[in-house]
Asks: 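I'd like to ask you about the structure that follows.
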Amino acid sequence: MSARPDDFRTAVAALPAGVAVVTTTWRRTVWAMTVSSVASVSLDPPLLLFCVHADARLRDALDEADTWTVSVLGADQAPVADWLASAGRPAVDQLARVPHHAPDVAAGIRVDGAAAWFECRTSAIHAAGDHDVVVGEVLVAERGGPEVGGLVHVEGRLRGLR
């Protein structure tokens, strides 16, 4: 017997989660989405995971693009998180309003001013209910400035922390 979805959603809202943007490049377009399900998996080898809805456009891209970039958002980047989480945003030029730069080795982009960046190569994708868990080997890890703080999602709201 499983918990009812509404009960689960209400309870899990109390669990603070860091907010990040995951990007990749597929068919000459940068695909991006906001996630609040990024976690360190292993230090040796360095592995990171994120969860993506099985129906997401980014998930389709991951079938062909084997590298991707995670930008861990800073305290003042709630507008970026909101934009890249909004349904119906255009696939083309969705990053025109988001300051960004190219990653070192992976596909996608790095969001300027982020708290940290990870460039990864997919090592496994696991089906998990209505989401897929994407595990990647970390090729590049870089920390932003300590003054950037972090952005968390809790109780249905984005909150900046310093």
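Computed from heavy atoms alone, side chains included, the values below leave out hydrogens, waters and symmetry copies.
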Asks: Does any pair with a residue in residues 34-51 pass side chain to side chain donor-acceptor pair (under 3.5 Å), and if so which ones, sequence neighbours excluded?
Replies: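 Qualifying pairs, neighbours excluded: none.
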
Asks: Test of understanding: with side-chain contact (heavy atoms from CB on, under 4.5 Å), list the residues that count as partners of R162, not counting sequence neighbours.
Replies: A75, D76

Asks: Tell me whether R9 at atom CZ has more than 12 heavy atoms from other residues, nucleotides or ligands lying less than 6.0 Å away.
Replies: no

Asks: For the CG atom on D6, are there more than 12 heavy atoms of other groups (residues, nucleotides or ligands in this structure) within a distance under 6.0 Å?
Replies: no

Asks: So, using side-chain hydrogen bond (donor to acceptor under 3.5 Å, both in side chains) as the criterion, who are the partners of Q94 when residues are at least two apart?
Replies: R89

Asks: Heavy atoms only: give me the nearest A107-T67 pair and the separation to one decimal.
Replies: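 Closest pair (atom of A107, atom of T67, distance): N-OG1, 2.8 Å.
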
Asks: Please examine the side chains of T69 and I109, heavy atoms only from C-beta on, and report whether any two atoms are closer than 4.5 Å.
Replies: no

Asks: For residues 69-100, which residue pairs qualify under ring-ring contact (aromatic ring centres under 6.0 Å, His included), counting only residues two or more places apart or in two chains?
Replies: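 Non-adjacent pairs meeting ring-ring contact (aromatic ring centres under 6.0 Å, His included): zero.
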
Asks: For H53, check ring pair (Phe, Tyr, Trp, His ring centres under 6.0 Å) against everything at least two apart and list the hits.
Replies: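 Listed in chain order: H131.
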
Asks: Under a single-linkage rule joining Ile, Leu, Val, Met, Phe, Trp and Tyr whose side-chain heavy atoms are separated by less than 4.5 Å, which residues share a cluster with V35?
Replies: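 Direct or chained contacts put V35 with V22, W26, W31, M33, V38, L48, F50, V52, L58, L62, W68, V70, V72, F118, I125, V134, V138.
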
Asks: Looking at L158 and A81, what are the two nearest heavy atoms and their distance?
Replies: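 For L158 and A81, the tightest heavy-atom pair comes out as CD1-CB, 3.8 Å.
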
Asks: Going by side-chain contact (heavy atoms from CB on, under 4.5 Å), name the residues that satisfy it together with D112, two or more places apart in sequence or in a different chain.
Replies: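 Counting only residues at least two positions away or on another chain, D112 forms a side-chain contact (heavy atoms from CB on, under 4.5 Å) with P99, H101.
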
Asks: Can you tell me how far apart CG (L49) and SG (C120) are? Round to the nearest 0.5 Å.
Replies: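 So the gap between those two atoms works out to 10.0 Å.
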
Asks: From T122 OG1 over to E64 CD, what is the distance, rounded to the nearest 0.5 angstrom?
Replies: 12.5 Å

Asks: Residues two or more places apart in sequence or in another chain: which of them pass side-chain hydrogen bond (donor to acceptor under 3.5 Å, both in side chains) with D55?
Replies: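 If we apply the side-chain hydrogen bond (donor to acceptor under 3.5 Å, both in side chains) test to D55, skipping adjacent residues, there are no hits.
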
Asks: Got a sec, which residues hit side-chain hydrogen bond (donor to acceptor under 3.5 Å, both in side chains) with D82, two or more places apart in sequence or on another chain?
Replies: none

Asks: Pairs of donor and acceptor atoms involving the side chains of residues 145-155, under 3.5 Å and at least two apart or interchain, shall be tabulated with distances.
Replies:
none

Asks: Which pairs, with at least one residue in residues 137-146 and sequence neighbours excluded, count as a side chain to side chain donor-acceptor pair (under 3.5 Å)?
Replies: R110-E142

Asks: Quick check against the 3.5 Å criterion: does T24 have a side-chain atom that pairs as donor or acceptor with the backbone of G108?
Replies: no

Asks: The criterion is side-chain hydrogen bond (donor to acceptor under 3.5 Å, both in side chains); which residues satisfy it with R157, sequence neighbours excluded?
Replies: none

Asks: So if you build clusters from Ile, Leu, Val, Met, Phe, Trp, Tyr with side-chain heavy-atom gaps below 4.5 Å, do L73 and V30 land together?
Replies: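 Yes.
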
Asks: Please determine if D63 and R59 form a salt bridge, counting it only when a charged side-chain N lies under 4.0 Å from a carboxylate O.
Replies: yes

